[in-house]
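Structure record follows, encoded as structure tokens.
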Amino acid sequence: MEYAPREIESKWKAWWKAQRTYQVHNHSPKPKFYILNMFPYPSGAGLHVGHPLGYIASDIVARYKRLKGFNVLNPMGYDSFGLPAEQYAIQTGIHPAVSTEQNIERYREQLDNIGFCFDWNREVRTSDPAFYKWTQWIFMRLFEHYYDLDADKALPVQDLAARFEKNGNYGVRAVCDEDTPKISAADWNSMPEKEQQLFLLKYRLTFPEESYVNWCPAMGTVLSNDEVKDGVSERGGYPVERKLMKQWSMRITAYCDRLLDGLNEVDWSESIKEQQRNWIGRSQGASVRFAVDGHEGVHIEVFTTRVDTIYGATFMVLAPEHDLVPHLTTPAQQPEVDTYIKWTASRSDLERMSEVKRVTGANTGAFAVNPCNGQKIPIYIADYVLAGYGTGAVMAVPGGDQRDWNFATHFGLPIVPVLDAQQNLDEAADPTKAGCYINSGMINGMTYEAAVPTLIRWLEENGLGKGKVQYKLRNAVFSRQRYWGEPVPVYWKDEVPHLLDEKDLPLVLPAIDKYLPTESGEPPLARAEGWRYTSEQDNAVHEYELSTMPGWAGSSWYWYRYMDPHNDGEFCSADAVKYWKCVDWYIGGAEHAVGHLLYSRFWNHFLYDLGLVPEREFAKKLTNQGMIQGRSSLVFRAKEHFYEEYLWIKVLQPYFPEYGPMRIPANKAEESFTYDFAFETNDLVVEVVSWKQSDKIEAIRKTAEADGKRLLVLFIEELAECINEHERTAAKISRALNSRDRFFMTEQGPQYEQLFVSYNLTAKYSPECFSKLHVDVSMVGDDVLDLSRARQLSMFQNANFKVDPDGKFTCSYEVEKMSKSKYNVVNPDDMVAQYGADCFRMYEMFLGPVEMSKPWDTNGITGVYGFLRRFWGLFIGEDGAWLPTDEAPSATNCAPCTTASKK
RNA sequence: GCCCGGGUGGUGGAAUGGUAGACACGCAGGACUUAAAAUCCUGUGACCGUUGAGGUCGUACGGGUUCGAGUCCCGUCCCGGGCACCA
């Protein structure tokens, strides 16, 4: 009996369903194993063969582990809030929930087709109120907590308030806003209730804050740092500008150290861990206060990672935006400084990035005093110092830092060596830490290891500075001015945010008439009529927060929901989480390296602090599956240049040797040459042009008349039509040569407008003869285009094809991202229909290591299909009988095996 | 510029420091067929040689360690990804 995958697979799928084979229970004597795929955003395009790669890999592991006696959790769900559904809603008016639901159905069908062992009973959707109720619940817990540095964990804000009441914030070591003042108990107790609440916001782990954000006007929303790449939005590539707005923010910076340390206990790829380390950007150094000469009580604070080089600081540089710049600038330098500030303000981020090497700056005329040796050093401003990083000021050590060196060289400032191991300081800075210090006062003769603690101790004792750790990571903006996201469970009363009563969760998205901002620029939720909160606290009606949560909110904790997906009383029961604990093996794309994976770790650490989850790190092992790239097929469309080359190679040279040498344009840009072709021994000139370009035809006709030349106009459309009939074209030229008429042009309108040339024939022509166009790969087999089907497409209407001698039209190919726009998408449904799910899955695994990116090639699947058929044939006879027996192998049927193994 | 990965036939890719190129695609030849498709068999790194012969060279390039290197070390080049006036 032939291998018939469709029958086999439908039989077993029905069996699994009837038997509930893959239903997973939370109570089992077996050891647990939790394998998880990053859940997909259900896009309208459906799945292509690249998407299921990770699912197939994890499905195999899940089945293997199950056979090995584990209770395996292998769930699937949808990250179903997102911008595309909202954009679609703006265009069509269809509620995002409706289109999302449809997309999910499609995804489900496609996933079912592949035969996964997901327990669909545990499916989650982030846009389901029953799910986002708990996203809101976690948000509320974040609001209610602050990060205590002594306990090194999150603690209730209530306790903090109690401490303020007794001692103010003097004894409190907690993560808070930079500008938080020191207050006494008396200060606190004398504050009105509102002031107290506003003060507490400086500590809460999520809080509204007026700050500069990445505002994307085209999308009408703010974006977080990881959603911005090179000054434009990662999705869509729209420009992003800095704008001051009141936004909810997540105090992820409180967890910097723990996020960094946690990386050491997880089995993730080094590159992902490194990316997270870079993103967190911890630098250990010291902050040092420099007095300003002649300004009593004014000092400039700098952060440096090389406090050991402080004696080599020969000048100081402030960011142009630095607060002190107006106060310090001397009258003489005022014009220069003003001009410079004006100039820097006019430059965009992109300009600044592209001109990194240019040294610019201005002297303020003021002097700072080096606290270690009392030396006066000039203060400059320059835009290589970033206002947003550190204190916006640096002590410049040109001997050790290349940017400082460039600046010093440009402005003729002194460069002083501080280590005897530094070399060639007249050519470049030398950042070495080797050798012993020279020119360095109290640390002369010391090594780096000894010098740093010595200096820091001295600075601390004299109140001039202290050891400090600084991070690049900023707090995460948590508000989006969009509709299709979780509403923030907050109402506003007297400009103070308050949490909803827990029993009012979930706060469900209200209906609105249009999915756009209001005329006054408020977020879409402002359109919801009568959407107000009645608080039981004061029996008054209040405005809700109008922004929604970002895409990463729901995905920052969803793996817990799978453990207990139907629980209405908790995000996940203590029992369930005690059993499943955490994800043993997480699989997903490397593009989530710093977004999802960092925010998730942050939330998990927080939930851990609250004792709600048992593990600090939620994913013990992480595998990043590689992309499956598309193999795009490209067809070559002839451009005008092609017809000229064609005419020369195929017609003029072979048919008119007696008229040579003819002139052809060596270079199209050569203005002196007027005509495409001109016969030397005849007054005929030939022009190749599209019949649509009547202006050009008229112009060339006038030129020819003035030159006394006779003109033959060949339409590229007529050449396209008779591209394989060189004689016909030759005859046309012949007639013109032998005639006395002054002007020749075909009267009849052309049938064809385009010519496509088989790839095999393009090598003879120069590359600029063609434009390459993507053609749908489903019409191409073995790089040969199915012409009868292709002619149906609009791109091939009125097109002629120049085919190979054997009548085939070949395409070239390129490996690139699989996407609709490149027409290279391969649908897993088609593969399953033709070869069966087993074959499809096996081929995906056969392509190469899961972590690697590799191109999809449908041709190759036949090899796996053949293997499966032969394998099936070994066990099932033609009549459907089971072939293997328990008999001992005889010599005859053993012989082939022996031969084979000898080979 | 810095930090991670990589570089092996026409292609995807195999090879605990021990016969490089498994397996598959593609290609070539053959069988079956009126023919094609499908299927099956054989061959397939390059070069030289050939009768049923063997040999030389080959894992980006240049060195090194080793009895032995695709694999380990040093340097160079190239490709992919990430970060980037981050003090």
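In the text below, chain A, chain B and the rest are named by the order of the sequence lines, each starting its count at 1. FYI, side chains are in, hydrogens and waters are out, and symmetry mates aren't considered; it's all heavy atoms of this structure.
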### Query
Should we count NZ of A:Lys621 as having more than 12 external heavy atoms under 6.0 Å?
yes
### Query
Atom CG of A:Asn859 to atom P of B:C25: distance rounded to whole Å?
10 Å
### Message
Take a 6.0 Å sphere around CZ of A:Arg289 and say whether it holds more than 12 heavy atoms from other residues, nucleotides or ligands.
### Response
no
### Query
For B:G12, does the glycosidic angle fall within 90° of 0 (syn) or outside that (anti)?
anti
### Query
Taking the P atom of each, how far is B:G43 from B:A53, in whole Å?
15 Å
### Task
Report the distance from atom CD of A:Gln470 to atom P of B:A87, rounded to the nearest whole Å.
9 Å
### Task
Could you state the atom-to-atom distance from CD of A:Gln834 to P of B:A38 in whole Å?
11 Å
### Query
Are A:Asn373 and A:Tyr311 close enough that a side-chain donor and a side-chain acceptor fall under 3.5 Å?
no
## Note on the structure
Per atom distances to the A:Thr305 side chain, the nearest of B:C25, B:A87, B:C4 is B:A87
### Message
Need to verify one output field. Residue with the more 5' nearest nucleotide on RNA chain B, A:Arg870 or A:Gly392?
### Response
A:Arg870
### Summary
To the nearest angstrom, the CH2-C1' distance between A:Trp856 and B:A24 comes to 13 Å
### Query
With A:Val635, which residues qualify under side chain to side chain contact (heavy atoms under 4.5 Å, CB included), at least two apart?
A:Phe756, A:Leu773, A:Val775, A:Leu785, A:Met795, A:Phe796, A:Phe809, A:Cys811
### Task
Take atom C1' in B:G7 and the same atom in B:G62, then report the distance between them in whole Å.
16 Å
### Whole-angstrom distance between B:G70 and B:G58, as gauged at atom P
10 Å
### Task
Could you check how far CD of A:Glu270 sits from P of B:G82, rounded to whole Å?
18 Å
### Task
Report the nucleotide, chosen from B:C83, B:C85, B:A87, that has the shortest atom-to-atom distance to any side-chain atom of A:Trp279.
B:C83
### Task
Could you check how far NE2 of A:His592 sits from P of B:G82, rounded to whole Å?
13 Å
### Query
Can you tell me how far P in B:G1 sits from the matching atom in B:A20, rounded to whole Å?
39 Å
### Query
Just wondering, are more than 12 heavy atoms of other shown residues or ligands nearer than 6.0 Å to CZ in A:Arg6?
no
### Message
Are more than 12 heavy atoms, taken from residues, nucleotides or ligands other than A:Tyr448, located less than 6.0 Å from that residue's OH atom?
### Response
yes
### Query
Quick one: is A:Arg277 getting a side-chain N or O under 4.0 Å of the B:C4 phosphate, OP1 or OP2?
no
### Message
Does A:Arg474 reach a base, just sugar-phosphate, or nothing at all? Heavy atoms under 4.0 Å.
### Response
nothing
Under 3.5 Å, which N/O atoms of the protein pair with N/O atoms of nucleotides 7-16 of chain B?
| unit_1 | atom_1 | unit_2 | atom_2 | d |
| --- | --- | --- | --- | --- |
| B:G12 | O2' | A:Leu847 | O | 2.9 |

### Message
Please pick, from B:C25, B:G82, B:C85, the nucleotide with the shortest atom-to-atom distance to any side-chain atom of A:Gln275.
### Response
B:G82
### Same-atom distance (P) from B:C25 to B:C57, integer angstrom
33 Å
### Message
Assuming nearest nucleotide by heavy-atom distance, tell me which of A:Ile272 and A:Gly390 is located more 5' along RNA chain B.
### Response
A:Ile272
### Selected nucleotide, minimal atom distance to A:Arg869 side chain, candidates B:U39, B:C83, B:C85
B:U39
#### Entry: Separation of atom CD1 in A:Ile310 from atom C1' in B:A87, rounded to whole Å
13 Å
### Query
What distance, rounded to whole Å, do you find between the two P atoms, one in B:G80 and one in B:G12?
15 Å
### Query
Taking the same atom, P, in B:C74 and in B:U65, what whole-Å distance lies between them?
15 Å
### Task
Only stems of 3 or more consecutive Watson-Crick or G-U pairs count here, both distances under 3.5 Å; name the ones for RNA chain B, or none.
B:1-7 with B:77-83, B:10-12 with B:23-25, B:26-31 with B:39-44, B:45-48 with B:54-57, B:60-64 with B:72-76
### Query
Rounded to the Å, how far apart are A:Gln402 CD and B:C86 P?
12 Å
### Query
Going by heavy atoms in the side chains, are A:Ile280 and A:Leu598 under 4.5 Å from each other?
yes
### Query
Does atom CD of A:Glu7 have more than 12 heavy-atom neighbours, drawn from other residues, nucleotides or ligands, at distances under 6.0 Å?
no
### Message
Using the C1' atom as the point on both nucleotides, what is the distance between B:C40 and B:U50, in whole Å?
### Response
30 Å
### Query
Which one, B:C40, B:C85, B:U39, comes nearest to the side chain of A:Leu386?
B:C85
### Task
Mark yes when over 12 heavy atoms from residues, nucleotides or ligands other than A:Tyr759 sit less than 6.0 Å from its OH; otherwise mark no.
no
### Message
Please tell me whether A:Thr360 and A:Tyr340 have a donor and an acceptor in their side chains that are separated by less than 3.5 angstrom.
### Response
yes
### Residue pair A:Glu844 / A:Met831, side-chain heavy-atom distance below 4.5 Å
no
